[in-house]
Amino acid sequence: MSAGSGVAKRGGLAIHDNIDTQPGLAATDAHAGDGAVRSAGLNGMAAQEYVRDAVREDIATGRLAPGQRLVEADLAAQYGVARSGVRAALLDLSAEGLVERIPQRGSRVRTLSIAEAIEVTEARMVLESLCAAKAAAKVSDEEVADLADLGEQMRRAVADGDVLEYADLDDRLHRLIRELSGQNTATLIIERLRAQNIRHHFRMTRIPRRTETSLAAHLRIISAICARDAAGASQAMTDHLQDVITHLEAASRK
């Protein structure tokens, strides 16, 4: 199973602690000593890439919440690199739309508006439907068993009312489908899009009975992939993400 397993618990708590932070307001600062492993004295381009990848992952998993300040000195100490490497990494992440740089104030994790979240989800819908179809076309018997097991874990999480566990499993399922698809280019784009949308993703888990609706959609995706039904898997993924868009649109009217 890919990265993501067990992480969203810690990240999810941070998301929920900061989930109602208003756009434009900074949440808590990111400080050194959060448990991240220091780099091995990297510098130059290697340090830049190391920090960029680490911060991108922390945004995607929710360890860094939308609106959270990114202090160069703290990140340099946390990752064991020079501030120049951190600064260059933050510029890269700003270009990706994950970080917002504010003159005279530094950087923070960017918060998407609902309108932007809808656009991101529409783009994801095209790419993730492709990945679902490709996964169905090449899934092995062992991978079918893995998908079925993940579906059962999702059922239990919903039955137990464990929203954070369900959110973690949701992320793991989408990651597994991307891995099975073998679509590396689509995967890179999707992961960046999902990182931008993390605030709205966790907010939706708080909608009454949303996890039950989401579970049914994910089980249909799993069923189609396990049946090696490429067209069905693509349609199930499209339907799932269209439902997400519908909820986002409803939120924008409130």
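Worth knowing before you read on, the calculation uses all heavy atoms, side chains too, and leaves out hydrogens, waters and symmetry mates. Throughout, numbering of the chain's residues begins at 1 and tracks the sequence.
Arg156 pairs by the salt bridge (Lys or Arg N to Asp or Glu O under 4.0 Å) definition with nothing, not counting sequence neighbours. Scanning for side-chain hydrogen bond (donor to acceptor under 3.5 Å, both in side chains) contacts around Glu152 gives Arg155, with sequence neighbours left out. Glu119 pairs by the side-chain hydrogen bond (donor to acceptor under 3.5 Å, both in side chains) definition with nothing, not counting sequence neighbours. Glu72 pairs by the side chain to side chain contact (heavy atoms under 4.5 Å, CB included) definition with Arg83, Val86, Arg87, Leu90, Arg101, not counting sequence neighbours. For Ser223, there are no side-chain hydrogen bond (donor to acceptor under 3.5 Å, both in side chains) partners at least two apart in sequence or on another chain.
Side-chain contact between Glu191 and Arg178: present, with at least one pair of heavy atoms (C-beta onward) separated by less than 4.5 Å. Under the 4.5 Å side-chain criterion, counting only non-hydrogen atoms from C-beta, Ile190 is in contact with Cys131. You'll find the side chain of Val99 reaches within 4.5 Å of the side chain of Ile59, heavy atoms only. Side-chain contact check for Arg194 versus Asp171: some heavy-atom pair is nearer than 4.5 Å.
Once rounded to the nearest 0.5 Å, the distance linking CD1 of Ile221 with OG1 of Thr238 reads 9.0 Å. We find the CG-CZ distance between Leu91 and Arg52 to be 11.5 Å, quoted to the nearest 0.5 Å. How far CE of Met154 is from CG of Asp162: 12.5 Å, rounded to the nearest 0.5 Å. The distance from the CG atom of Asp170 to the CG atom of Leu150 is 9.5 Å, given to the nearest 0.5 Å. Leu193 CG to Leu188 CG: the interatomic distance, rounded to the nearest 0.5 Å, is 11.0 Å. A distance of 10.0 Å separates OG in Ser234 from CG in Asp229, rounded to the nearest 0.5 Å.
A salt bridge between Asp146 and Arg172 is absent, with no side-chain N of the basic residue lying under 4.0 Å from a carboxylate O of the acidic one. Electrostatic pairing of Arg110 and Glu116 counts as a salt bridge here, judged by a charged N lying under 4.0 Å from a carboxylate O. A salt bridge is absent between Arg228 and Glu143; no separation between the charged side-chain nitrogens and carboxylate oxygens falls under 4.0 Å.
When all heavy atoms are compared, the tightest approach of Ala65 to Val109 is O-CB, 3.3 Å. Shown here for Gly67 and Thr111, the closest heavy-atom pair between the two residues is N-OG1, 3.4 Å. Nearest approach of Ala133 to Ala233, heavy atoms of both residues: N-CB, 4.4 Å. Across Ile222 and Gly151, no two heavy atoms sit closer than the pair CD1-CA, 3.7 Å. Considering every non-hydrogen atom in both Val158 and Tyr166, the closest pair reads CG2-CD1, 3.5 Å. What you find for Ala135 and Leu180 is that their closest heavy atoms are CB-CB, 3.8 Å.
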* To do: With salt bridge (Lys or Arg N to Asp or Glu O under 4.0 Å) as the test, would you mind laying out the steps for Lys138 and Glu179 before giving the verdict?
  => CA-CA 11 Å; Lys138 60 177 63 176; Glu179 288 177 7; over 6 Å; no
* Would you check, one step at a time, whether the test salt bridge (Lys or Arg N to Asp or Glu O under 4.0 Å) holds for Asp92 with Arg56? => CA-CA 10 Å; Asp92 287 346; Arg56 185 193 294 124; over 6 Å; no
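At a threshold of 4.5 Å between side-chain heavy atoms, the hydrophobic network of Ile, Leu, Val, Met, Phe, Trp and Tyr places Leu219 and Val144 in one connected group. Under the 4.5 Å side-chain heavy-atom criterion for ILVMFWY residues, no single connected hydrophobic cluster contains both Leu173 and Leu130.
Of the N and O atoms on the side chains of Thr246 and Glu249, not one donor lies less than 3.5 Å from an acceptor on the other residue. There is no side-chain donor-acceptor pair under 3.5 Å between Asp74 and Gln78.
Under the ring-ring contact (aromatic ring centres under 6.0 Å, His included) criterion, no residue pair touches residues 86-133, with sequence neighbours excluded.
A side-chain donor-acceptor contact under 3.5 Å links Ser129 to the backbone of Met125. Between the Glu96 side chain and the Leu93 main chain, no donor and acceptor come within less than 3.5 Å of each other.
Results of the side-chain contact (heavy atoms from CB on, under 4.5 Å) test with His240 over Gln235, His174, Glu128, Arg220 single out His174 as the only residue that passes.
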